[in-house]
Number of protein chains: 2
Amino acid sequence: MSKKNITTLKKIATELGVSISTVSRALSNHPDISDETKQRVNETAKRLHYVPNLFAKGFRSHKTSTIGVIVPDISHYFTSTLLKGIMQEAELNGYKVIVSESRNNEYKQAEMLQTMNQFGVDGILLSLARTTTNFDEILNTLAIRPLILFDKVSTKVPCTQVVIDEEDAAFRAVQHLIQLGKKRIAIIKETEKSFNSEMRYLGYLRALKTNNIELDESIVLSSEDISMQQGKRLGTVLISMKNRPDAVFAITDSAAIGVIKTLNKNKISIPSEIAVVGFSNNISSIIIEPKLTTIDQPGNKIGEIAFRYLLEEINNDTQISNKTIEIKTNLIVRDSSFKSD
Amino acid sequence: MSKKNITTLKKIATELGVSISTVSRALSNHPDISDETKQRVNETAKRLHYVPNLFAKGFRSHKTSTIGVIVPDISHYFTSTLLKGIMQEAELNGYKVIVSESRNNEYKQAEMLQTMNQFGVDGILLSLARTTTNFDEILNTLAIRPLILFDKVSTKVPCTQVVIDEEDAAFRAVQHLIQLGKKRIAIIKETEKSFNSEMRYLGYLRALKTNNIELDESIVLSSEDISMQQGKRLGTVLISMKNRPDAVFAITDSAAIGVIKTLNKNKISIPSEIAVVGFSNNISSIIIEPKLTTIDQPGNKIGEIAFRYLLEEINNDTQISNKTIEIKTNLIVRDSSFKSD
DNA sequence: AATTTAATTGCAAACGTTTGCGGGAACGTT
DNA sequence: AACGTTCCCGCAAACGTTTGCAATTAAATT
């Protein structure tokens, strides 16, 4: 049904008895073409519902005005804010966005990179799969076209990276607990040494050090996935200690919420007995009671900035830089760390 | 840095001293080509990191192997499950996906449709912006290429539509409350007559009728946006009534959670005094205490099925159908409607 | 040895667009 | 009248790929 009645330059040209090039130039408002001709061309183009074939266009110009984005998991709220930022900024600059999900699988991730290369995107925004150990395909891509890492990054890839200032964020979260008078602050982090987890741990350590609090390894807890389930479990571990902590910094809102759930169940008062701080500012953090103190990561902003840097690299065909841009976060203090009523 | 060293068929051809067509055929495993040549071609192609230029390809074949998806808001959890389903199924079939967000703005939506048309996607999956009143661009697109509506749909567009069986879902939710012995069931719906809201309301009405319960308009509440804020507000409205309802069916999890929050604050026991049921099975529904009974919408499945139908329409260049496919939902019973301990 | 057949490969056109270059008409300048 | 400008416009090549058809070679048949 569809393919027959597609309007091309040629069709307009024959219709008007002029050449294809004239039509092309008229439509792009080339000074060589008389106003009258432009008028006529634009008119028939509109009448015939002409839409330029971007394929033919991109085919010639080697520009697709499209960027590719690969994220580990599209269904995390934070991820969707990242995408929002990227898409918004992309649209503002006349770029289309192709989104893919690696599902935290590095093979899938490599495959997606290939596809995007084939597709001829002008640049790629990549947030790494958690398990990435083989960087070959990424480095290959980097040699071919602009690529920027964001959110989940790695020092193994020499390119521009846009991240939140994890260390600083964690530092401030813990600092906040200390200023509240807390002295024995547990942390829940990832077993595996992911970039984000390690940075947040470093922030935790620095806060302790700054305040001359000695590190107690027995309240440094880890788990494979830092989910609500694990938060619940580690919560019970914590309250069954002879020497209970008086605060918990969980590297994830989900885990923090899990902790709160066990504390609630065991009638341990939050924050007076144990205060809790999370990380991400999920929607859930205002659902749980008491509402969760947490770090707000400005996903939109990260996405926005990542796109801007990518655009710059696309336009200036310079050599690749490898600076790291750190976006500052906000500590949002709520009831889980501050007596509200 | 990038554009110079791109491998084309020609490069491989000259390298091997054969013609371009031979290389092309060899790579696509055409029977005309001898095994030895195929071998050599494949080898050099690999060595030179050949990636086919999909633009040249799509340019000739008029097929881009790409579909466009437009959703109102990418950051809703349910939306991301829809996208997940679509992307998964698309990948399985060798399709790329372009995602866009209309931000519930019908002009933006029309613009996105145009862009996708220009881009030459093979088909479009559209979830309508809430405010859509002008269907011109949609109908135009429909005349040009396969388009399927999903989730947020409208009868004004004569095409295949994939939705959840809203009416049935609502019916079962309310039926469940009635079976629990509830007799005076309030509903919180949208002021504006959106498709989804109306269908759910119809389900509510049918459940009442089936059980010979008379409709009491005074406990049919509406609000512009059915957010947690509004849920809280309408919750206070409900409990300040002389003749309080003994259950609330909220058309949205957020609103339901808002209601629970006010009930909790006012020490009204859930579910014994007032039971609450939501709709969507958000993550938040297991964060709130008591955990929320709600309707689980299988987003993945909807996405999957929508893509399949689209693919069918892409392949069979038949005339457009306009059947509606309704996906069944699951009622998930939790503590907000059932005494657990 | 001559002819047919089969197996490989190359030629060239086509897809829709952009763009450097050249050409004709109209006008003004010597 | 001859020349130079300026203003419009068309020709044709190019982008990388696929594909119908023709061409070449080798093998098989007579």
Could you walk me through whether Lys108(A) and Glu91(B) pass the salt bridge (Lys or Arg N to Asp or Glu O under 4.0 Å) test, one step at a time? CA-CA 11 Å; Lys108(A) 196 112 265 161; Glu91(B) 195 189 317; 3.1 Å; yes

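- Taking atom CD of Glu36(B) as the reference point, atom C1' of dA7(C) lies 14 Å away to the nearest angstrom.
- Candidate nucleotides dT8(C), dG10(C), dC9(D) were compared by shortest atom distance to the side chain of Ser34(B), and dT8(C) ranks first.
- The backbone N or O of Tyr77(B) sits nowhere less than 3.5 Å from a side-chain atom of Ser80(A) that would complete a donor-acceptor pair.
- With hydrogens and angles ignored, the 3.5 Å screen pairs a side-chain donor or acceptor of Thr79(A) with a backbone N or O of Asp73(A).
- Asp32(B) places its CG atom 15 Å from the C1' atom of dC11(C), with the value rounded to the nearest Å.
- The stretch residues 21-31 of chain B touches DNA chain D through Ser21(B), Ser24(B), Arg25(B), each having a heavy atom within less than 4.0 Å of the strand.
- A distance-only check finds no donor-acceptor pair linking the side chain of Lys156(A) to the backbone of Thr133(A) [under 3.5 Å].
- An OP1 or OP2 oxygen of dT9(C) is reached within less than 4.0 angstrom by a side-chain nitrogen or oxygen of Thr37(B).
- Whole-Å rounding puts the Leu9(A) CG to dC11(D) P distance at 15 Å.
- The two residues Leu128(A) and Ile138(A) come nearest to each other via the heavy atoms CD2-CD1, 3.6 Å.
- The nearest whole Å value for the distance from the CG atom in Leu16(A) to the P atom in dC9(D) is 11 Å.
- Classification of Glu304(A) and Arg308(A) as a salt-bridged pair holds, one side-chain N sitting under 4.0 Å from a carboxylate O.
- Asn196(B) pairs by the side-chain hydrogen bond (donor to acceptor under 3.5 Å, both in side chains) definition with Glu166(B), not counting sequence neighbours.
- Residue Lys11(A) contributes atom NZ, which lies 11 Å from atom P of dT17(C) at whole-angstrom precision.
- At its two ends the helix from dA1(C)-dT30(D) to dT30(C)-dA1(D) runs along axes set 70° apart, each axis drawn from five pairs and the angle rounded to 10°.
- Each of Leu126(A), Val157(A), Ile124(A) was scored for a side-chain contact (heavy atoms from CB on, under 4.5 Å) with Thr141(A), with one residue passing: Ile124(A).
- For Lys10(A) and dC11(D), the NZ to P distance is 13 Å, given to the nearest whole Å.
- In this structure, the side chain of Glu89(A) does not engage the main chain of Phe307(A) through any donor-acceptor pair within 3.5 Å.
- The separation between Lys38(B) atom NZ and dT8(C) atom P is 9 Å, rounded to whole Å.
- In this structure, the CD1 atom of Ile20(B) is 12 Å from the P atom of dA12(C), given to the nearest Å.
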